[in-house]
Amino acid sequence: MVQSVPPYSDRAGSLSPWVALQVTLQQMREQSDANALIQLTLEYVRAVFGAPLIWLALYDYANHQLVGQGGVTLREDDQALLRALYPLQPGEILEQVVIEQRPISVPDLSQEPRMGLWQREARRLGGIQGCFIYPFSAVGRRRCLGILMLGSQMWGVTTREDEKALLGILLGQLAASLQELENAWQQQTEKRLEDLLLRLGTAMRQAGSLQERVSLVRQELQTFLGAVHIQVYWHERSQGRFVPHGSAARPSQPPTPAPMSREAKAGAASPKDGGLSLRELGDMYYTLTDGQVVVGGTGTTRSEVPPKLMQQLRAQAVLAAPILLERDLLGFIWVQSELPRTWQAVERQLVAAAANGLALAAPLENLDRRIRQLADDQEFVHQVGRSLYNPAELQQALQQAVVGLGQRLKAAVVAVLTVDPDRPIPRLFYEHRSEGKQALPPQFSPLSEQDWQDLLRSEVVVAENYDQDLRLLSWRQELAPLGVRSLMLTHTRVGGAVSNAVFPEGLLLVLHPQLRAWSREERQLLRGIAQQVGLLLRHLQSEQQRQRQEQLLRGLIATCLALQNLNTSPVGDSSIESFLYTTTAQQTAQLLGIPLALVVSWQPGESRAQLQPPFAAAPEFCPSGATEIDRQDPLLAYVLQAGEPLQLAQEEIPAASRTWLNSAGLGSWLLVPLGETDPSLPEPLGVLILGAEAGKVWDPDERAAVMLIAQTCAWTLRRLLWMQTLQEQQEVLRELNWYKHRRLLDLQNALLDGLRRLGQVPEIPGDEATRWQKVVEIGKGLRELTVSTEPLLQAETWQIQPQLQSVSLATLVRKSLRRVEGLTQKRKLWPRAHGDMSLAIQGDPGRLEMVLWELLVVAALRSPEGGRLDLWSQAGEGYAELLVVDQGSFDPHLAAALQLEPERVIYADPLLKSPLAASPGLELSLCQRVVQRMGGQLSFYLSGDGRSVSRLLLPLSPA
């Protein structure tokens, strides 16, 4: 070090360091006391090295700290510093030396922040700068036994190689001697521990009461541990605290323990007579509950005793062992010392063994009471179970179970919570509250993963100090207004713990307004009642599910029948498709009790879809988006690919689809395609969208019902579209057939008339040129017949193609009267035209001629012989009105049928008998459609004087 190695002086005179080392080593081999070994080591180092700072410390592996054993400083009053406990902190040089077990030099101790206390003390100790730290350990051992620190007043000075050799030999012998002493001490201690445990077990077996057993335990521990204070605490659950033995209100009423020895009184201060509360113990309580021995001290970095409690009891070292029976904390043995102390492993084992002995002996004191209590609890559980056999008393049985449990546990609130099978959201099902307690919320927050794991492991989650407990943190907001201080929670499943994959049907919650512990019997009672409540819940839920299924089935039948009974006739101002979509949405929403239902529909092969008017329980639920949607919308594509009812939350809706499906207050959606998604089948014609509040879970019965409704809607829609298409095609073909038949009849009449006139040509007076001119005129007329039928044959083979032209009303009336001239002459009718016949109207000339011909034929046939047949015409606002008035009687049934809209006539049930299915109603209804196609109107009514009127309203020609 700084000084040269001086001669070693002792009683024999001056010796060299190596000779002195030989002498010291010989003396160390002869020693059997650890303090003497350490003193010899320090004397040699002080004499040989002469350093102003010498510190020797042993390493406490259990508490990761250095225990000072003395040394040398320039001041004589530093012995407290040299013998203090030094907890090792991460990153410090001393911890590095202990862990790596290699020497380290420090150039300037006062400038090294990683030296902790020694940096702060370096200047006070005489300006120590250069420092050398040397660890020592036993041969073949990986654990460091201690360190030797030498300090110099010069900067950066370190040891030479020969000095390192001297220190290595000296400290190696010290480590070997200490290891031998420790091994011998351990053997003696283990022998003493075995004898003590054997003696203690025999004495406790022969003792007649718990009081005697506690006294024996305290006496034996006092003898083994020395000057310490020993107390036994019992768990007083009703008070939520641990009280000293003798003051706890236990059945045996054990007296106050025997007085402590004088050494024990001098060794520690007693805790307060009122005992220790759960709040004062803090996390130490949970460590004891787990069956672990608690070690605490002011000089240890791993103290498990709250520092505030250590200060309150004026304790420097504490050892506590739990009195635990079947995971039920009955109490603990408390050992405390007023002086810093490191608890050895055998000491911990002894206290733990004594606590186990008391745990086995404690139940004997109140065995009779516990047997009676268990019998009562078992009878209570069986009584609740017997109520399950009467389905009419399930609610009463549930009330009996919950109320009885609350009375037995003296709980403020006992609540039964149900859990959704798909999402673990607890909901309040039934609760029993003591007078004045606030009601629980209808829904609780989901339990955390850790809470489910606790239920999986222990079946009962217990929070005896809920304010400081980390269990059920997610329920703090729900339980805070109730003033809950302790609680128990268990699941209602029978026959084992719950798994995370399948949630239980319910939870049973017990709340208490005070800090208290829950005994094993109370937890067992809770589990027994919880299992019975689980059976009750399953019975009740099965009954509710059966009623729900019956209601769903009745509503489903009514909905499907309503959809299947729709026909092709329009309803009001809406088309049959719109009425079908509206009916589907309304029936589905009412059946499931949801606030919103709507349909997105499209026609086969179209690239655009229509958002049909929704059915909403309130206006705020109606989505505010576009009514026309692209068929490639991601949400529609997602539904069609799924092929089954698709459940989505609001946040799962694609952003592009939220522009048209965005309803405030709704967060759960169910989407079903209208039709089969199999590519080999016709494509779906839409999507049924159902919206509900966030958190709504669509159960399988609801999904199946919605799927059936969607399929029924799709089948009905296709049936209606097919029927509508066929009926429209039928009406078109009927109209075309009527028109072609009338034109053919007209052509036949004209041809016969032309042939008749040709036969009369020879009889015409005059020369041959005159007769030939007549033949040419007749031929030209026959050729015009073919010209008039050419558009009909070319353009109207299967479809109607009216040719709108300007037509003279006078020409139309003249041609029509000429066609019925034979019929009027036969029936001796007197046809007359009145009014303005010079009007020009817009329409298809051929069809108008056939319509007016049909009206005149019907009027002539129903008119009495010798009657009048009047045609009245007048001009209106853009229309020409032509009235055909006759004196015949009009069939009232036919008149009523002709008052219907043409669309209703088309989509009428063809299986029903109708006046419009046969002549003349069939022809007249066809005439109504022909006139409507040309922008006109044809109606029939009776005049005030009883005559029949056919009113033809035609648009005037713009020319």
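Partner of Thr41 under the side chain to side chain contact (heavy atoms under 4.5 Å, CB included) criterion, chosen from Ile54, Thr24, Leu170: Leu170. For the side chain to side chain contact (heavy atoms under 4.5 Å, CB included) with Ile230, the lone residue among Val214, Val217, Leu221 that qualifies is Leu221.
With rounding to the nearest 0.5 angstrom, the CH2 atom of Trp55 is 8.5 Å from the CG atom of Leu82. Atom CG of residue Leu330 and atom CG of residue Leu324 lie 7.0 Å apart, to the nearest 0.5 angstrom. Distance check: Arg241 CZ to Glu236 CD gives 10.0 Å after rounding to the nearest 0.5 Å. Rounding to the nearest 0.5 angstrom, the gap separating the CG atom in Leu109 from the CG atom in Leu53 is 7.5 Å.
Every side chain to side chain donor-acceptor pair (under 3.5 Å) that Gln468 has, sequence neighbours left out, goes to Asn465. Scored by the side-chain contact (heavy atoms from CB on, under 4.5 Å) test, Gln292 finds Thr287, Asp290 as partners (sequence neighbours excluded). Here Tyr59 pairs with His64 under the ring pair (Phe, Tyr, Trp, His ring centres under 6.0 Å) rule; sequence neighbours left out. Checked against side chain to side chain donor-acceptor pair (under 3.5 Å), Asp283 has no partners two or more places apart in sequence or in another chain. A search for side-chain contact (heavy atoms from CB on, under 4.5 Å) contacts involving Glu220 returns Leu196, Arg199, Leu200, not counting sequence neighbours. In terms of the side-chain contact (heavy atoms from CB on, under 4.5 Å) criterion, residue partners of Asp469 (sequence neighbours excluded) are, by chain and number, Tyr286, Ala463, Arg471. Legend: residues meeting side chain to side chain donor-acceptor pair (under 3.5 Å) with Gln129, ordered by chain and number and at least two apart, are absent. Residues passing the side chain to side chain donor-acceptor pair (under 3.5 Å) test with Ser110 are Asp108, sequence neighbours excluded. Applying the ring pair (Phe, Tyr, Trp, His ring centres under 6.0 Å) rule to Phe332 yields the partners Tyr233, Phe242; only residues at least two apart in sequence or on another chain are considered. Partners of Tyr134 according to the ring pair (Phe, Tyr, Trp, His ring centres under 6.0 Å) rule, which considers only residues two or more places apart in sequence or in another chain, are Phe132.
At a cut-off of 3.5 Å, with distance as the only test, no side-chain donor of Ser215 or Gln219 sits close to an acceptor on the other residue. For Gln316 and Ser337, the side-chain atoms include no donor-acceptor pair closer than 3.5 Å.
Sorted by first and then second residue, the salt bridge (Lys or Arg N to Asp or Glu O under 4.0 Å) pairs involving residues 82-95 (not counting sequence neighbours) form an empty list. Among pairs with a residue in residues 120-130, those fulfilling salt bridge (Lys or Arg N to Asp or Glu O under 4.0 Å) read Asp78-Arg124, Glu121-Arg124, at least two apart in sequence or across chains.
Nearest heavy-atom pair, Leu325 versus Arg520, reported as atom, atom and distance to 0.1 Å: O-NE, 4.1 Å. Closest non-hydrogen pair, Ala321 versus Val293, comes out as CB-CG2, 4.4 Å.
A 4.5 Å side-chain heavy-atom check between Met28 and Gln173 finds at least one atom pair inside the cut-off.
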